[in-house]
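Below is one structure; the comments refer to it alone.
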Amino acid sequence: MPSSGREGWFDGLKDGLGELGRAPRYEKREKLGEGGAAVVWRAWDRELERPVALKFLRDFPKELPDVRLRFEREARVMAGLSHRNIVTLHDVAEIDGQLCLVMELVEGPPMSNLIGLHKYPMRRLVELLAQAADGVAAGHAKGIVHRDLKPANVLVTLGGEPKVGDFGLAYVSEGGTRLTESGIVLGTPVYMAPEQATGESRSFDARTDVYALGAILYEIATGRPPHVGETMQEIFASILNTDPPMPRRLNASVPRDVETIALKALEKDPSKRYANAAEFRNDLRRFLDGQPILARPPGAAARVARWLKRHRTLSAVAGLLLAGLCVALLGAWIRKRGFEREVEGTLARAKEASDSGDHAKARDLYAKVKSLVPGHPIAERMFGETDRLVQKAKQKKEAQALVEEGRLARAEWERLKSEHGRTVMRARDLAAALKPYEKGEARQEFWDCERRIEALAKDIAAQEGRETAAFTKALGLDPENVEALRGMAAFYFEMYCRSDERRNDREMRIFEDLLRIYDDGTYAARIFRTGRVRIGSSPPGAEAFLFRYEEGRDRRLMPRPCASTGQIRVPGDETAAGTTVTLECSDFNFLGTCPSSEKILPAGSYLLLLRKTGLRDTRLPFRVVGGQRHELDVRLHSEEEIGAGFIHVPAGRFAEGGDPDAYLSAAWNEEAQTGDFFLARYEVTCDEYREFVESLAAQNLRDAFPHLPRDRERSLWGIGQNGRVKYGPDIVGNQPVLGVSWNSAVAYCEWRTGRARSRGEAVTFRLPRSSEWEKAARGADGRIYPWGNHFTWCFTKGGLSRNAKPWPEPVGSFPEDESPYGVRDLAGSVAEWCEDACDLQPELRYCRGGAWLSADWVPFRAASRAAEDPANAAVSYGFRVVRVPDPK
Amino acid sequence: MADSFDTTLGGADRRFPDTTWQIVTRLHATGDAEYRAGMELLCRRYWKPIYTWVRIACARSNEDAKDLTQAFLLWLVGGDALRRYVPEKGSFRGYIKLLLKRFVQDQADAMNALKRGGGVKVVPLESLEEFEPDPRAADPEKAFDRAWAVGIAKDAVERVRERFKARGREIQFRAYEAYDLSPPAEKPTYAKIAEQLRIGESDVRNHLFTVRREIQEEIRAEIARTVGNPSELEEEWNALFGS
């Protein structure tokens, strides 16, 4: 949920819902194309739920309201035009302050892309044009003139059907900028009829469109528009004054009928053209069907007459000069033929290169044509296109090279990682086999391993950097690059797994989020956020209450009541230093009666409280690992069995060792096990120990002396001739006994066992084993201290815990020093003897936990172990006992 | 009993917060365990609006407000007022408000009910620190409605979030979260979100639209379940989420 307090998010949510009512109808999805005059987007019509194309007109003079009104009014008339060969105009809308046309979405290239492609034979293009003319004819039938027909305006669907776009909208540009000098922006006026080019006549009719259709046919036949020129003026002049070259002279394979139809449509005098698009289409159909066409080719005489008519004054002079010029013209004509042939040849080769996928070659060839004939429309257009393709291919190639680099880094990483793993294992084995005092070959090998591990760690980090840098760069060039995406996802998954191993939940969330940016779902499926738990009790029927460990304000891990979904919390967070953990059991955290059904719980650390009438409440800390199934089975014991002052630590798994900052930490073992045991809640106190000493003294005073608490050789207690113990100064009875050797501690256990048995109790007392001690301190989640993962002197009895000279205090003085099971003073107070011998040096015994005078906090880490001489007694050593009832 | 608790407490498999309607259905259920579980959900969900109203309308101190809220909920749990709720007669929100007003008319009774409750804690969903109504706020009704709306919205957001996640369209929800669920003063720009999520700016807009629509539908569906007819739905909607 949103992070901000005071429900600021709710205002945001409300605003958002308010926005919803004002959300635009059209949802832009992707840019389909961009031209000089317009940008076209694929979009979704939210109201009618259909795909549409949005055409935003650039430079539309929206500051002129009358132009806009006319535009909108006429656009709505066009919107009524519906024909299979016309791109339907649905609507005119204003989006993001820009006027735009909402049109039927046509998936396919414009005809301009098809002209000049080898795979598109001329006949097929003529067929397309005939169909397009059918659409234009439908407009003409309703009195609507297109006015801006050109190959770019005819879209060809993937089904091969042409659709004429932008019907009747040419005036938009007329009202706009076409007639300005920046006309280049709008493309070329080469399809413009003479009556349009003069700009005089405003009464265009269907024949204007016929001219444009003719121009397209001309381009289909020859590969170039009928009139070309370097500047707008040249083109206009050519349109007005010159007859286009005979198509068959540019391309000998043009059928005579096509030439005739094109030239009739291109007549400068509208009355000599086809009357409308329908007539034009009919003649094209006749040609396609192999029937005779209606149009007649203009004879040579007719053309001379026409020329003379246009150039009356010149004709006289021309007549005189004609003979003289003949020779010169012939030479020029021959040179021109050669030039034209070169241009045509280059174009053909460029097409070939383009078709075979060699865009770079095609681009160079088009560039050549461009330099030969500046402004050559095909060359200009195709140069731009091929250049784009070349650039794109180049980027893809670069991206691919980077991916390759990333992959190499990854492979190298994997190799290093595997060597690292092997070396770490080897170092571990060597360390286990090495006696601490050993030098020699094995020690040298161990040192070599350590150095190698450090070097490998450095190299691994370097490869990680190299890998991510390469993939990220590749994605910059080609955001869709699947391999780069996958590479990044794999990397972050790796990081995620690593933080999982380290049990760093915060990092895990971060890497999971990063992973999801790149992941296609492959890795997300491998991340489990919940695990399954089944809880059983023996005897069955215990009620289970659930708590989830969360860090409190004082940074301790606090068990909070939670439901099986882990969602309920207590109001506020009032935990502060000096409070004990009380477990509130209510209906809210009641999980069910054991054996419970399988629960799904979010991964994390939990505490279970099991309660059954007649038996002691038992605490069971456990950790839920995502994606795993946990079976918990807890044996409950009666008060008498456990014994007053003892705490039941249930059998089962815990995480042992693995703390690199602790002294002599055991190796990390998540599968460590212990059986059920009952551990004293507090250390043995002076008063308890005193009974032992006095009971020995009663037998024989000399037997008592070796067990008197002492600091090295100095006795801390005195003993009178009457066998009564006298405490040293400032020692009080409820302090933990200190200055006890391991031997004395064991003797105490034996004495206490004997005393209990003499009273008819079938129990044995012993020292805890080192692993039992660690489990009692850490619970299941591998925490560093009994209360959590952060150290503070004020939580435990140590050298800096009070603003005074360190002195032992009564047991239980620091309520925060409590383990998940409820055992107190494990971290501080006194270091406690454990039963077992040090596995590195069997002469020594483990002694665990920090002591009241220690200003070093490392021994307080629950994984810290000290190995001491069992005969030594010092002020920092004390102990606590385990109570073992005889098996029944 | 154990098994019925598994399901009524939301059960292990529960993915979405319960809707008010599910709670109300449970309150009408005959089994006691069902009723109790329904009550628990109800307390969790409506603790805040009730507390808010009490705090502003009639309590002098924060502690009093907590006690009174506690008392009211215990009274609800103990009695059968909720069993008598009929959706056809008006919104659930209105009904709770009505009960609440009647209840606090006699505060002495109210506090006695608290004592009879024997110290059982009714635990709200969230810490109070996050939400502390201003006791000087003029209108307890408005504060109640707002807290009520917040509860509904919060659960709706959670459900929609889960749904987007399940569909593998988390990115859409994240865009929504980043923009709409930030308090108005801290709202990032579309560009910022686009950059963070590595998507286009227009994608952000579209994602917002998509998620908002689902949230709106979710909230309206939730409200629809607790009202008698469509015109009441509009009324409730405007009362809770109208600007």
Side-chain angles (χ1 to χ4, degrees), chain A residues 1-20 23-24 27-30 41 44 46 475 479 513 516-518 520-521 524 530 532-533 543 561 563-565 567-573 584 586-601, chain B residues 1-3 5-6 9-14 17 36-37 40 44 66 120-132 146-147 149-150 153-154 157-158 168 170-171 174 176-177 179-187 197-198 202 205-206 208-213 215-216 219 241-243:
Chain A
M1 197 41 94
S3 56
S4 160
R6 318 283 299 183
E7 282 148 8
W9 64 271
F10 180 67
D11 294 318
L13 177 135
K14 255 172 88 170
D15 288 351
L17 293 180
E19 267 320 292
L20 201 52
E27 174 193 358
K28 274 197 217 169
R29 292 220 162 135
E30 101 194 62
W41 286 78
W44 181 254
R46 286 164 171 153
L475 287 172
D513 282 350
R516 283 180 198 280
I517 295 174
Y518 302 99
D520 56 358
T530 56
R532 289 158 188 275
V533 181
E543 290 187 320
S564 55
T565 47
Q567 280 172 351
I568 299 180
R569 291 194 197 164
V570 208
D573 178 356
E584 268 182 53
S586 72
D587 290 345
F588 290 103
N589 59 348
F590 177 62
L591 196 62
T593 309
C594 299
S596 74
S597 56
E598 198 170 70
K599 310 285 179 189
I600 296 180
L601 291 177
Chain B
M1 165 112 173
D3 277 337
F5 254 109
D6 289 346
L9 249 185
D13 276 316
R14 202 187 75 185
R36 195 138 65 100
E40 277 163 8
R44 210 158 46 110
K66 277 192 207 169
V120 177
K121 277 234 162 149
V122 180
V123 188
L125 186 61
E126 270 191 356
S127 71
L128 280 174
E129 276 170 26
E130 188 192 320
F131 180 72
E132 191 77 65
R146 183 180 156 94
V150 166
K154 190 169 210 163
V157 167
E158 277 318 309
E170 226 179 342
I171 196 109
R174 281 172 54 194
Y176 173 78
E177 196 171 29
Y179 190 80
D180 270 9
L181 299 190
S182 313
E186 297 159 27
K187 224 156 254 264
L197 300 180
R198 301 189 179 201
S202 63
R205 244 189 300 274
N206 287 330
L208 281 180
F209 181 89
T210 315
V211 180
R212 279 171 185 166
R213 199 168 42 185
I215 299 257
Q216 189 184 50
I219 293 175
F241 292 93
S243 42

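Every heavy atom of this structure was used, including side-chain atoms; hydrogens, water molecules and symmetry mates were not. So that the names make sense, note that chain A is the first sequence line, chain B the second, and so on, each numbered from 1.
- Of the charged side-chain nitrogens involved, at least one lies within less than 4.0 Å of a carboxylate oxygen, so that B:Arg146 and A:Asp11 count as a salt-bridged pair.
- Summarising the geometry of B:Arg198 relative to A:Tyr518, their closest heavy-atom pair is NH1-OH, 2.6 Å, with the distance given to 0.1 Å.
- Taking every heavy atom of both residues into account, B:Arg212 and A:Leu17 meet most closely at O-CD2, 3.7 Å.
- Between B:Ala153 and A:Leu13, the closest heavy-atom pair is CB-CD2, 4.0 Å.
- Heavy-atom distances place no part of B:Tyr179 under 4.5 Å from chain A, backbone and side chain included.
- Side-chain contact check for A:Phe10 versus B:Val157: every heavy-atom pair is 4.5 Å or farther apart.
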